Every structure is written in C-alpha cells, then in structure tokens.
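Both backbone and side-chain heavy atoms feed into the values below; hydrogens, waters and symmetry mates do not. Note that the structure is predicted; figures quoted are calculated from it, not measured. One is the number of the first residue; the rest follow in order along the sequence.
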Amino acid sequence: MTERYGYTGKILRVDLSSGKITHTPTADYADRFLGGRGIATKIYWDEVPAGVSAFDPENRMIFVTGPLAGFSGLAGSRWQVCGKAPAMTPEEFSYCNLGGRWGGQLKFAGYDGLVIQGKSDKPVYLFVEDDVVEIRDASALWGKSTVAAREILKEELGSTVAVVACGPAGENLVSYAIILADNDASGSSGFGAVMGSKKLKAIAVRGKGKVTAANPDKLKEVREYIRQLLYKGPHYAEQIAKLETHIEAVQGQKIRRDLCLGCTGYGGRVILESRDGQKRGKSLCGSSLFYLDKAMKYYGERNEVPFYVNRLCDEYGVDALAIESMMKWLSRCWHTGILTDENTGIPLSKAGSWEYMEALVTKMSLRDGFGDVLAQGIEKAADAVGNGAKELIADYVSKAGHLLTYCPRTFPVHGLLYALEPRQAVNQLHEMGLALFQWINWANGLEGAYLSSDVFRKIGARFWGSELAADFSTYDGKGLAATKIQDREYAKECLILCDFAWPIVHTLAGDHVGDPSVESRMLSAVTGLEVDEEGLYRIGERVFNMQRAIHIREGHKGRESDMIPEAFFTTPLKGHAMNPNAQAPGKDGEITSRIGMVVDRAEFERMKGEYYQLRGWDVASGLQTKTKLEKLDLHEIAQELGPRGLAV
Ligand code: SF4
C-alpha cells in the first residue's frame with residue numbers, strides 16, 4: 001500500500017466544476033508538514049488566494065489524515081478539514097477535525113488526503129473505493145438530513161462504506177452548518193455550508209488497503225507503554241464510568257460505547273438510544289451538554305429533550321455550540337423586547353422547551369422567515385435586527401460563534417491561546433484545563449486525587465517550559481508556556497491524534513507526571529524516521545507559523561488583532577459550575593481563588609511581547625520576521641510576505 005511507511009503516497013483531487021479527477025504525491029508535503037493540519041494548511045497556502053470567499057468555487061475543502069491513521073491502539077485515526085470558513089466573522093482560514101472511521105477508510109482506499117475544488121451545477125456525491133472514484137448524482141439525497149443521507153448511501157453501497165455528509169443547513173448555506181460522518185463525528189467552522197455551496201451532499205469512502213509500520217516491534221513496545229500510562233491502577237474503570245455519567249442519559253435509555261477506529265480504548269464516546277428505541281445518536285462532550293441546564297429549568301426534571309435536541313442539530317447539520325451562543329443572544333433580545341415570539345415565529349418565551357429548539361433549528365436550517373436572518377451568523381443577524389441587538393451578543397463569543405471556555409481570568413496563558421487562533425482551540429485549552437480539574441479534586445481533598453500542587457509544578461516544567469507555568473497568580477512564564485502548548489498541539493494536529501487521548505499530561509503511575517515524548521516514538525515506529533520530541537515540535541511550530549502567515553495575508557494585523565473579548569479586561573470573574581470557587585494554584589502551589597479577577601491589560605500586552613520575542617517575531621508589530629520564516633524552512637512565505645511588508 002505504501003512507498004513510505006505511514007503514508008499511501010497519494011492525495012486525491014476532485015474538481016467538481018470540470019469533473020476532473022487527479023492525484024498528487026503526498027511526498028510533496030510530508031517532509032515539512034507531516035500530515036493532517038500541516039499538509040492541509042500548506043495546500044491552502046498554495047491554492048486559495050486571500051480574496052476568495054468561502055462559497056467561491058475556488059475555495060477548497062481539504063481533508064487530510066495523518067501517518068498514524070489506521071493503526072490500532074494509538075487514537076490516531078482522526079482527520080482534518082481545512083478551508084476558508086463561513087462561520088468566522090470575518091471569513092478566514094479555519095479548520096476542524098473529526099473522529100469516527102471515515103479518515104481511516106480514506107487511507108485504506110489509498111489516499112492520504114482529498115482536495116475538493118470547484119462547484120457542481122447539480123447535487124452530487126463522491127464515491128471513492130480504492131481506484132474507483134466517481135462523481136455521482138445526488139438529487140435523491142438533496143434535502144435529506146445528514147443521518148438519512150448516510151443511511152441511504154449505506155443501504156445502496158453496503159454498510160461498510162464510511163460517509164460524511166452535510167444536512168439541509170449546509171445545502172442552504174447556513175454559516176454554522178457542520179459536516180457529519182460515521183459515529184456522528186462532526187466538524188464545525190461552517191464547512192457543511194462550503195459542501196453545500198459546491199452542491200456536494202456527501203463523500204462515501206471504502207478501501208481494502210492495510211497499514212504497515214516500519215518497525216512493528218517498536219510499535220508494540222510503545223503500545224504497551226501507552227497502556228501502562230493509561231490503564232495502570234484501580235481508577236481506570238472509575239474514570240470510564242465518570243466519562244459516561246456526565247452525559248445526558250436518562251433512566252430507561254440504552255447506552256453503549258462507540259469508540260473511533262484505532263482508539264486507545266480509553267475513550268468515553270457513547271451512543272444513546274431513546275427510551276422508545278426510535279432514536280439513536282452520539283453523546284459526547286459539549287454538544288450533549290449544551291441544552292441540559294435549560295431543559296432542566298424549563299421542565300423541572302431531567303428528560304430526553306436534551307438528547308432529542310442534540311439529534312436535531314446533528315440531523316439538520318448545525319453546530320450545537322454556535323446555537324448555544326445564539327440562544328443566549330436571543331434570550332437577551334427577548335428580555336429587552338427587541339425580539340418577540342410574534343416577530344420571530346420562534347417561541348422565545350419558552351426557551352428550554354422542545355418547541356423552542358425545534359422552531360429555532362428548523363427555521364434557521366431552512367432559512368424560513370426569521371431563520372433567514374439567523375442563518376447568516378450571530379454578528380450579521382444582530383446587524384439586521386438593529387435596535388441595539390449587537391450590544392446584547394454574549395461577552396465571551398469567539399469569531400466562530402462559540403462561547404469561550406477555560407477563561408483567561410483563571411488561566412493567564414489562555415489569553416494568548418485565544419488571541420492567536422481563528423476559533424477556540426479546545427485542544428490547546430485542554431492541556432492545562434483538564435489538568436486543573438484533576439488538581440481541583442486534590443485541592444478539595446477528594447480520595448485518590450493525586451495531581452497535587454507539587455505534581456502540577458513538575459508538569460509545568462516538563463510540558464510548559466517552567467514551573468512558573470503552574471503559578472496562576474502571575475503572567476510570568478506564560479509566553480513560553482503558550483509556545484510549548486501550541487507547538488505540541490500543532491504537531492498533534494499533523495499526526496493527527498485524538499485530543500481526548502493526547503498528550504498524556506499526568507498518569508496514575510510513578511511521580512504522576514505524564515510523558516510528552518510518546519507521540520514522537522509512535523511516529524518513529526510507524527514511519528521508520530528518527531523523529532524526537534523536539535523534532536516533532538519544530539514541525540508544529542512551522543505549521544503554526546504557516547497558519548499565522550495565512551491569516552496575515554487575509555487581513556490579520558499582528559499585535560493589534562491579537563486580542564480577546566473586551567469583557568475579560570473589565571468584568572470580574574464569577575464561579576463556574578465546573579469550578580464554583582474558581583480555584584487555581586498560586587505562588588508556591590498555594591490553593592487560591594480567582595473569583596473577582598480580570599485580565600490585566602498591561603500584563604496581557606507584556607505577555608504578548610514576551611511571546612513574540614520567543615517566537616522570533618517582531619515585538620512591536622507582532623508580525624513574523626523573514627529571518628525566522630527562513631529558519632523554519634518557510635522560504636515561500638518569506639518571499640511572498642516580505643516584499644508586501646507583511647513580514648519584517
Ligand atoms: S478517545 Fe474518544 S474521540 Fe478519541 S479516538 Fe477514542 S473514542 Fe474517539
């Protein structure tokens with residue numbers, strides 16, 4: 001299957017305007033950009049000029065797997081999608097990554113990636129099975145839900161085919177439209193609408209290929225080591241149980257685990273079945289939780305409404321987390337009287353009910369009545385409503401319409417991680433965020449909790465550059481911590497590893513400090529290339545710089561644009577359901593509360609300066625330097641941005 005281990009050697013290219021199907025060698029990209037986000041970003045840099053809008057046929061949808069895809073026990077079969085994203089305000093390059101098994105099937109079919117360009121004049125779907133690649137008529141699928149389209153294709157092509165599809169929201173170019181694949185893996189940034197704009201309803205893939213590691217013995221050894229880090233100790237079953245009980249399952253619903261292809265086995269991904277056995281669907285993380293509180297308040301008890309709402313969003317193909325901030329805004333507009341049940345046709349007075357959400361999601365997805373206003377995204381909808389509606393958008397919303405979590409008033413370093421990304425980079429926030437939750441258990445004396453202040457400091461030194469990273473009372477050391485987190489997480493997005501499984505920041509074993517070198521060892525075992533931890537981070541840094549260059553080319557203004565919502569500087573922090581006392585480690589590991597904190601504006605700017613310096617960028621402007629770009633082997637970027645004054 002492979003010329004070089006870990007890769008199939010080919011990237012499939014489909015032009016929907018001309019119907020032309022070709023492929024290019026992965027080797028053109030793999031050395032410098034590895035896979036996943038890295039290769040996708042490079043293709044975007046080369047092929048999508050700055051002025052191209054998200055729905056322009058020249059925009060690309062770039063799907064890329066990584067060198068670890070298809071191998072078992074590594075949680076490395078995720079796949080990345082990049083392109084100009086309509087969910088962003090303003091539109092810009094963005095990304096999403098998905099689990100399930102679609103990425104693995106693409107690789108088994110013989111392709112490391114798939115680049116879609118152009119636009120069909122009638123609805124089509126793409127069928128890929130090894131050497132057979134066909135653009136087929138999809139008129140019978142158009143208008144169907146994501147799940148129905150998937151089921152119809154499986155019926156027709158066989159259940160082993162993996163399908164990614166857009167729903168009615170994507171067909172109607174709703175800016176928050178998602179793509180949905182097998183195992184209900186979903187991807188946001190509005191890529192469902194990009195698919196819709198290309199009249200591409202679905203992509204069905206299946207392959208007979210197999211993956212082979214360059215060094216199977218070494219891979220076996222690494223797998224055993226991972227197992228030891230993840231499973232050792234009596235808490236494993238307990239942790240899985242916790243993962244499975246934070247979801248919205250209610251009594252009488254059936255629940256079964258539904259892991260992605262190649263998972264480490266540690267995942268908490270589950271499928272729920274409704275009490276009446278009629279509905280089945282994933283329950284995972286934010287999308288399963290976003291309607292829970294509201295429904296509880298409305299009905300006064302836990303019921304199946306949050307589950308049905310989650311399904312509704314998936315079926316129409318809209319981003320549940322963008323709906324969450326939309327709901328907040330609608331509710332504020334309703335309380336001030338700007339919007340009413342009558343002038344929207346949505347029962348705003350019944351927020352939390354099934355009827356409310358059914359009307360909201362359906363109208364938005366079909367662009368029906370007021371739904372046509374909402375379909376443009378929250379910013380444009382607020383402009384269209386006027387009467388001060390814009391001021392009522394929630395204070396902490398990302399450019400992609402998501403409510404920001406893991407707040408920088410608690411985590412000073414997160415100010416940088418927010419400011420430097422087009423969307424909320426949850427994987428970066430998880431590195432410190434999830435460790436903090438474990439520390440809170442320890443701070444509150446929970447039995448068996450092992451992540452003490454001492455362990456946190458050691459983790460800081462090993463993962464984030466210094467022990468200072470674990471002192472939340474100061475901005476010192478946070479510029480360095482941000483570079484470490486970004487470089488590691490960009491490498492992870494290239495590999496492309498699951499965020500729920502990687503990195504292993506802490507462990508039950510030994511001194512409880514995890515091991516960030518495992519990723520490079522897996523890569524070496526699979527590809528046969530000698531890549532160490534630092535070598536992997538250099539690739540992450542290169543890809544991160546390439547993304548920065550794309551944003552600069554698309555209008556980002558360096559230091560001036562590297563900002564966070566104003567409210568973080570002005571509104572004191574309150575407790576949060578997950579951390580009611582806003583506990584965090586302070587100086588010397590002291591247990592402190594961040595209640596009442598704001599981000600210090602002067603310190604934030606100082607932290608940015610420290611960060612730019614460490615990155616080798618220009619401290620005053622925040623622009624990249626030609627010298628650093630050359631050093632990162634990004635000559636083409638230095639040559640393009642330099643003469644235009646976009647790199648100094
Ligand atoms: S940890 Fe969860 S999301 Fe990640 S690969 Fe495993 S099942 Fe999939």
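In terms of modelled atom types and a separation under 3.5 Å, the side chain of Asp15 and the main chain of Ile21 share no donor-acceptor contact. A distance-only check finds a donor-acceptor pair linking the side chain of Ser145 to the backbone of Ala148 [under 3.5 Å]. Formation of a donor-acceptor pair under 3.5 Å by the Lys201 side chain with backbone atoms of Lys144 is found in this model. A donor-acceptor distance shorter than 3.5 angstrom exists from the side chain of Ser524 to the backbone of Val531, with no hydrogens or angles considered. Distance alone, capped at 3.5 Å, is enough to place a donor-acceptor pair between the Thr527 side chain and the Leu529 backbone. Using modelled atom types, one side-chain atom of Ser77 and one backbone atom of Gly70 make a donor-acceptor pair closer than 3.5 Å. At distances below 3.5 Å, at least one donor-acceptor pair connects side-chain atoms of Lys107 with backbone N or O atoms of Gly66. The backbone N or O of Arg257 sits nowhere less than 3.5 Å from a side-chain atom of Arg269 that would complete a donor-acceptor pair. Listed for the Asn172 side chain is a donor-acceptor partner under 3.5 Å among the backbone atoms of Ser365.
A donor-acceptor contact closer than 3.5 angstrom is absent between the side chains of Glu541 and Tyr537. For Tyr291 and Glu324, the side-chain atoms include no donor-acceptor pair closer than 3.5 Å. Side chain to side chain, Asp112 and Thr8 meet the donor-acceptor criterion of an N or O pair below 3.5 Å. Between Gln117 and Glu58, the side chains place no donor N or O within less than 3.5 Å of an acceptor N or O (distance only, hydrogens not considered). Side chain to side chain, Glu134 and Tyr125 fail the donor-acceptor criterion of an N or O pair below 3.5 Å. For the residue pair Ser274 / Gln253, no side-chain donor-acceptor distance below 3.5 Å is found, with atom types taken as modelled. Looking only at atom types and distance, the side chain of Arg13 has a donor-acceptor partner in the side chain of Thr24 under 3.5 Å away.
Just one of Arg311, Lys279, Arg101, Lys282 meets the salt bridge (Lys or Arg N to Asp or Glu O under 4.0 Å) condition when paired with Asp184; it is Arg311.
Here the side chains of Ser188 and His402 are in contact, with some heavy-atom distance below 4.5 Å. Inter-residue side-chain proximity for Asp314 and Ile178 is flagged as met; some heavy-atom pair is nearer than 4.5 Å. Contact check for Val48 versus Asn59: side-chain heavy atoms found under the 4.5 Å cut-off. By the 4.5 Å heavy-atom criterion applied to side chains, Glu519 and Leu497 are counted as neighbours. Annotation: side chain of Val81 is not in contact with side chain of Asn97 (no heavy-atom distance under 4.5 Å). Counting only heavy atoms from C-beta outward, the side chains of Pro503 and Phe463 approach each other to under 4.5 Å. Between Thr26 and Ile39 there is a side-chain heavy-atom pair separated by less than 4.5 Å.
In this structure, CG on Asp515 lies 14.0 Å from NE2 on His506, to the nearest 0.5 angstrom. Annotation: the span from Leu219 atom CG to Met522 atom CE amounts to 9.0 Å, rounded to 0.5 Å. For the atom pair CG (Leu523) and CG (Leu34), the distance works out to 5.5 Å, reported to the nearest 0.5 Å. In this structure, CD1 on Ile485 lies 8.5 Å from CG on Leu429, to the nearest 0.5 angstrom. A distance of 8.5 Å separates NZ of Lys42 from CG of Leu634, quoted to the nearest 0.5 Å. Separating the CD atom in Glu156 from the CD1 atom in Ile152 is a distance of 8.5 Å, to the nearest 0.5 Å.
Using a 4.0 Å cut-off between charged nitrogen and carboxylate oxygen, Arg538 and Glu534 count as a salt-bridge pair. Ionic pairing of Asp499 and Arg78 is not present here: no N-O contact between side-chain nitrogen and carboxylate oxygen is shorter than 4.0 angstrom. Under a 4.0 Å N-O distance rule, the pair Lys492/Glu489 qualifies as a salt bridge. Between Arg150 and Glu155 there is no salt bridge, since none of the side-chain N atoms of the basic residue sits less than 4.0 Å from a carboxylate O of the acidic one. Note on Lys84 versus Glu91: no salt bridge recorded, every NZ/NE/NH1/NH2 to OD/OE distance being 4.0 Å or above.
Relative to the ring axis of Tyr44, Arg60 does not place its NZ or CZ within 45° and under 6.0 Å from the centre. Under the 6.0 Å distance and 45° angle rule, Arg206 does not count as a cation-pi partner of Phe108. Relative to the ring axis of Trp502, Arg488 does not place its NZ or CZ within 45° and under 6.0 Å from the centre.
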_Quick one, Glu530 with Lys218, criterion salt bridge (charged side-chain N to carboxylate O under 4.0 Å, His left out). Give me CA distance, side-chain angles, the key distance, then yes/no._
CA-CA 12 Å; Glu530 279 314 316; Lys218 200 168 159 191; 3.7 Å; yes

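Ring pair His23/Tyr111 is tilted by interplanar angle, where 30° to 60° counts as tilted. Between His430 and Phe500, the two ring planes are tilted [angle within 30° to 60°].
Aromatic ring centroids of Trp102 and Phe63 lie under 6.0 Å apart.
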